[in-house]
Amino acid sequence: MTLHIKNFQELVSQIKAQIPIHELISEYVSIKKSGRGYVALCPFHDDHHPSMHINPDKGIFKCFSCGTGGDLIYFYSQINKKKWSEAMTDIATKYGFKIEYSDENKPETQIKDKLYELNKVALDFFRKNLFSKSGDEALNYLINIRGFSKEIINKYEIGFALNSWDALLLYLSREKQYPQELIIASGLFVPRENSNGYYDRFRNRVIVPILSENNHVIGFGGRTVTNEEPKYLNSPETLVFNKGSILYGLNFAKDEIKKSGYVILTEGYFDVISAHQYGLLNTVATLGTALTPYQARLLGKYTESKKVCLCMDSDNAGKKAVESIFRLINSADNNILLDVGVVPDLGAKDLDEALKLNNLPELKNKIERVQRLIYFVLDGGIKRYISAQSDFEKKSILDELLQTIIDLRDPLEQNDCIKYISHSLKIEEGLLNLKVKDKSKTAKKRFTRSQKPDPGLKNNNEEQYTMHSIERFKHAEVELLTLYVSSFPYSSKEIQTELNKIQFIDEKHQLVKDFLDNISQEEITPDKVINALVQEFNEYRHIMATVSDLAWRIESDLVLSYSKNKAKILSEAKEWINWWINNKQKLKSLTEMLKDCKNITEESNILLEMMKIVKDSKKVNG
């Protein structure tokens, strides 16, 4: 069979339309007819009762025990331990599809090409400005303060935005005669407050072009040469620029990354340019944001060793960035596992300054002797523990350290980290192992096993005080995401505005919400939104559980009720999330006290107090 394909998305749609999902799954597990669908023992956990449900009409599956779910491509990728893109190609080959791509360009592709062209024209304008009389101060800053050679300035195509409100606007609209719609779509201009026209976004700033892996100019970064705030300014999100999917300098660094076998990650474009000038050509940077899952995948794209060396700023923000990367990497699926190390002491505030203050061999030696990421994170907690002034503070910090160990996926690594903390804090290893074992028992199991009814409460049969009730905010967040997806394409902007007022607690839900915020909202249906989510998060099993949950909700008959009950869903979700924020610390403290109970009486009293908190939540939330 020949499939005539215009683009990648159409290939996905065609494969899912042509291949019945139950037929593919039946090649790996026995399936049984159940109503309009099928059930089977889930192959992704030790399943003894058919927990996996298959909906052939919608082309999706979901295990209601372990939470794994998605479309047939995701099933194939998980069962065969392959990347999603590889799975898609395998399936096409397996079922005898011959793929022919159409030469017809979509309007979106044409617009992107025009934006690349406009950005290149803007870049040429900026570069010309730098070497004009108006650019003297900026050029002096680059050469005498930043220490860049003219060769480096030219190689990285650094420019200058004039100290003018409309120099670039007039150049593009009058001299180059670009249409206003394209000029606005470029993100290079800001609407005036009185809605009468636009003005240049970048003014009196050194300009660094941001290039894609394929060397398209997709955006710009601007650094003030005065004391103007903000010091750094990037292009906004556009059709061709999403800063969460870009690593600055990757177009220059990818060949050296392959050659050296590892990648250096830093925080800013000037750090990258400086590193490249000093010969560290395998250096890339984020663009002032926390590392995203997409960027994490990019880091491992050009090196088989998956080695990443972090050279982040030495201030608190830099340390928090490292801790954020640890959380991201540790929660990522094994398919994108990275071997991350940290340079704990650059001897300067950032990589750029370190290169100027240290001799290069000394800095390279530090990079080669990086500290493993987990030990850098543990050291931060150990230092805080040693300097803590009270036993309560020490106990809280130790709990954080142990939770970090529990979150690790590798038991051998867990054991090594326990020994490390034991040696560093002079606490017996056996005691730490006991606490880790105790903490590993989930609060839900402990609560359910030990709960006793409060004789002072009425209608105990109707009140189920479990940890599920306490963490109902998670259900509330999924409800909000379902409402968001179901609102496409007509009222998604309205829902986005409402959700921006709410603080999501679960990091997985926040990642999904961030992705939805950046989807092009014109003419995209909820089904296509789900497909986009699957493509974005297919390598992240923990997030795919949420995506598959959303898919089942969107495909069910209940989805029609979301728009009707929008106000109620928003109101109840806000109440539950706010309640959790207000009571989280109290519940955590009670859970820890519960583990240290010496008798049944103490345990019962703590359980009753937890039940009372949950009961109060029901009063608050109706």
Side-chain angles (χ1 to χ4, degrees), residues 12-82 84 87-88 90-92 94-97 333 444-445 448 464 466 468 471-472 474-475 477-479 481-483 485-486 508-509 512 525-535 537-538 540-562 565:
V12 175
S13 300
Q14 287 284 354
I15 286 176
K16 291 165 69 172
Q18 299 289 341
I19 304 171
I21 187 172
H22 60 282
E23 288 186 11
L24 184 141
I25 292 177
S26 67
E27 295 182 21
Y28 299 91
V29 295
S30 297
I31 64 175
K32 182 180 179 181
K33 186 71 174 174
S34 176
R36 292 187 297 176
Y38 299 85
V39 294
L41 293 176
C42 178
F44 303 113
H45 77 285
D46 187 16
D47 194 10
H48 299 286
H49 302 284
S51 303
M52 188 169 73
H53 291 243
I54 306 163
N55 185 329
D57 294 333
K58 308 301 182 185
I60 55 178
F61 77 96
K62 181 173 176 65
C63 175
F64 287 92
S65 180
C66 71
T68 303
D71 59 12
L72 82 168
I73 302 174
Y74 184 71
F75 178 89
Y76 186 93
S77 71
Q78 294 300 301
I79 201 77
N80 291 290
K81 300 189 183 306
K82 293 200 170 189
W84 189 80
M88 185 182 64
D90 282 0
I91 293 171
K94 178 183 176 69
Y95 283 86
F97 292 144
D333 187 86
K444 179 178 180 180
K445 288 183 179 179
T448 304
Q464 298 297 320
T466 64
H468 174 72
E471 296 196 358
R472 192 171 169 184
K474 293 182 179 179
H475 171 76
E477 289 181 350
V478 174
E479 288 279 278
L481 292 174
T482 307
L483 174 63
V485 174
S486 68
K508 300 188 298 293
H509 300 158
V512 173
T525 62
D527 284 345
K528 290 182 179 178
V529 173
I530 293 295
N531 283 339
L533 285 169
V534 170
Q535 289 186 50
F537 296 111
N538 61 79
Y540 299 87
R541 188 168 179 174
H542 63 303
I543 301 179
M544 277 303 298
T546 297
V547 174
S548 63
D549 195 359
L550 290 173
W552 278 93
R553 289 164 178 262
I554 291 298
E555 299 294 352
S556 73
D557 295 334
L558 295 175
V559 71
L560 297 175
S561 66
Y562 279 86
N565 299 314

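Nothing fancy with the numbering, it's 1 onward along the sequence. Below, each value reflects all heavy atoms present in this structure, side chains not excepted, and no hydrogens, waters or symmetry copies.
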Audit row: Tyr38, His53, ring-ring contact (aromatic ring centres under 6.0 Å, His included) steps and yes/no | CA-CA 6 Å; Tyr38 299 85; His53 291 243; over 10 Å; no
Which is it for Leu533 and Ile530 under the side chain to side chain contact (heavy atoms under 4.5 Å, CB included) test, yes or no, and what are the steps along the way?
-> CA-CA 5 Å; Leu533 285 169; Ile530 293 295; 4.3 Å; yes
Verify side chain to side chain contact (heavy atoms under 4.5 Å, CB included) between His509 and Thr546, making sure each step is shown before the conclusion.
-> CA-CA 8 Å; His509 300 158; Thr546 297; 3.8 Å; yes
Stepwise, does the side chain to side chain contact (heavy atoms under 4.5 Å, CB included) test hold for Thr525 with Val529?
-> CA-CA 6 Å; Thr525 62; Val529 173; over 6 Å; no
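Within a 6.0 Å sphere centred on NZ of Lys33, heavy atoms belonging to other residues, nucleotides or ligands number more than 12.
Aromatic ring pairs are classed by plane angle as parallel below 30°, tilted from 30° to 60° and perpendicular above 60°; the pair Phe61 and Tyr74 is parallel.
Here the closest heavy-atom approach between residue Leu550 and residue Val512 is recorded as CD1-CG1, 4.1 Å. Taking each heavy atom of Pro50 and Leu41 in turn, the nearest pair found is N-CD2, 3.6 Å. Nearest heavy-atom pair across Ile21 and Gly70 is CD1-O, 4.4 Å. Of all the heavy atoms in Ile31 and Ile54, the pair that sits closest is CG2-CD1, 3.8 Å. The heavy-atom pair separating Asp47 from Met52 by the smallest distance is OD2-N, 4.4 Å. The two atoms that bring Val39 and Ser34 nearest to each other are CG1-CB, 3.8 Å, heavy atoms only.
To the nearest 0.5 angstrom, Lys16 atom NZ is 13.0 Å from Leu24 atom CG. Atom-to-atom distance recorded for Leu72:CG and Ile91:CD1 is 4.5 Å, nearest 0.5 angstrom. Here Ile73 contributes atom CD1 and Asp90 contributes atom CG; the two are 11.0 Å apart, rounded to the nearest 0.5 Å. Atom NE2 of His49 sits about 14.0 Å away from atom SG of Cys42, to the nearest 0.5 Å. Of the inter-residue distances, the one linking Thr68 atom OG1 with Ile79 atom CD1 reads 10.0 Å to the nearest 0.5 angstrom.
Every pair passing salt bridge (charged side-chain N to carboxylate O under 4.0 Å, His left out) that includes a residue from residues 20-29 is listed here, sequence neighbours excluded: Glu27-Lys94.
Listed by chain and residue number, His48 satisfy the side-chain hydrogen bond (donor to acceptor under 3.5 Å, both in side chains) test with Asp46 (two or more places apart in sequence, or in another chain). Under the side-chain hydrogen bond (donor to acceptor under 3.5 Å, both in side chains) criterion, Ser65 pairs with His45, sequence neighbours left out.
Looking at Cys63 and Ser51, their side chains come closer than 4.5 Å, going by heavy atoms from C-beta outward.
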